[in-house]
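Below: one structure, written as structure tokens.
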Amino acid sequence: MELNITTNPAPETYTVIVAGEIDISNADKLRDAIDLALEQPTEKVELDFAQVSYIDSTGIGVLVGAAHHAADHKRAFGVVNAQPNVLRVAQLLGVDAEIGITAA
């Protein structure tokens, strides 16, 4: 499945809206979108995962790296509206609090 990414920049929160399945074949596309968001002059980067139906460990790795990158640059970072199966993968890997992921 294709991964679609759109953005909604605002002064306080730069939102990255993600739709599709995140896996090893498209994790770089997500990483690039997050890196671009973290370069913007905003206080928080938020990923909206309402339309993400699947994520593998590679995608989770991208999120962990992004959370660390955001912390290094004194930016808030989080994933909102995660579907139950996506949230479960983060919980099983023990990184749900680290990446600030919350359910839909």
Side-chain angles (χ1 to χ4, degrees):
M1 180 175 202
E2 187 176 336
L3 185 66
N4 294 307
I5 298 173
T6 56
T7 59
N8 185 10
E12 299 83 24
T13 303
Y14 190 103
T15 304
V16 179
I17 303 148
V18 186
E21 296 181 352
I22 302 167
D23 59 28
I24 193 167
S25 72
N26 57 25
D28 285 342
K29 183 177 181 180
L30 178 62
R31 181 181 295 111
D32 292 346
I34 295 170
D35 287 346
L36 178 64
L38 288 171
E39 292 173 7
Q40 305 309 309
T42 187
E43 297 173 15
K44 180 178 184 179
V45 172
E46 185 174 86
L47 277 60
D48 187 335
F49 270 28
Q51 299 175 59
V52 174
S53 58
Y54 172 83
I55 190 167
D56 70 2
S57 60
T58 305
I60 293 290
V62 168
L63 298 180
V64 170
H68 291 188
H69 187 215
D72 290 345
H73 290 85
K74 310 271 190 280
R75 301 262 172 80
F77 178 84
V79 179
V80 299
N81 300 321
Q83 299 301 311
N85 54 333
V86 172
L87 181 60
R88 181 161 167 73
V89 171
Q91 290 170 334
L92 287 171
L93 294 172
V95 297
D96 50 317
E98 187 175 357
I99 60 178
I101 190 167
T102 58

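All figures in this text were calculated on a predicted structure; none of them were measured in a lab.
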Check whether the side chains of H73 and E39 place a donor and an acceptor atom closer than 3.5 Å, and report yes or no. no
Side chain to side chain contact (heavy atoms under 4.5 Å, CB included) partner of I99, chosen from L93, V64, L47: V64
Electrostatic pair R31:D28 at N-O distance under 4.0 angstrom: yes
Sub-3.5 Å donor-acceptor pair from the side chain of T42 to the main-chain atoms of A10, do we have one? yes
Check: I55 and L63 side chains under 4.5 Å, non-hydrogen atoms: yes
Taking the side chain as C-beta and beyond, is there a heavy-atom pair between V79 and V18 under 4.5 Å? no
State whether the side chain of N26 and the backbone N or O of E2 hold a donor-acceptor pair below 3.5 Å, judged by distance alone. no
When you measure from the side chain of D96 to the backbone of L87, do you find a donor-acceptor pair of N or O atoms at a distance under 3.5 Å? no
Does a side-chain heavy-atom distance below 4.5 Å link D32 with L36? no
Decide yes or no for L3 and I5: does some side-chain heavy atom of the first lie under 4.5 Å from some side-chain heavy atom of the second? yes
Tell me, do R75 and H69 make a side-chain contact under 4.5 Å, heavy atoms counted? no
Distance col, row K74:NZ vs D72:CG, nearest 0.5 angstrom, shows 7.5 Å
Ignoring hydrogens and geometry, is there a side-chain-to-backbone donor-acceptor pair from D48 to T15 under 3.5 Å? no
Which atom names give the shortest non-hydrogen contact between D56 and I24, and what distance separates them? OD2-N, 3.1 Å
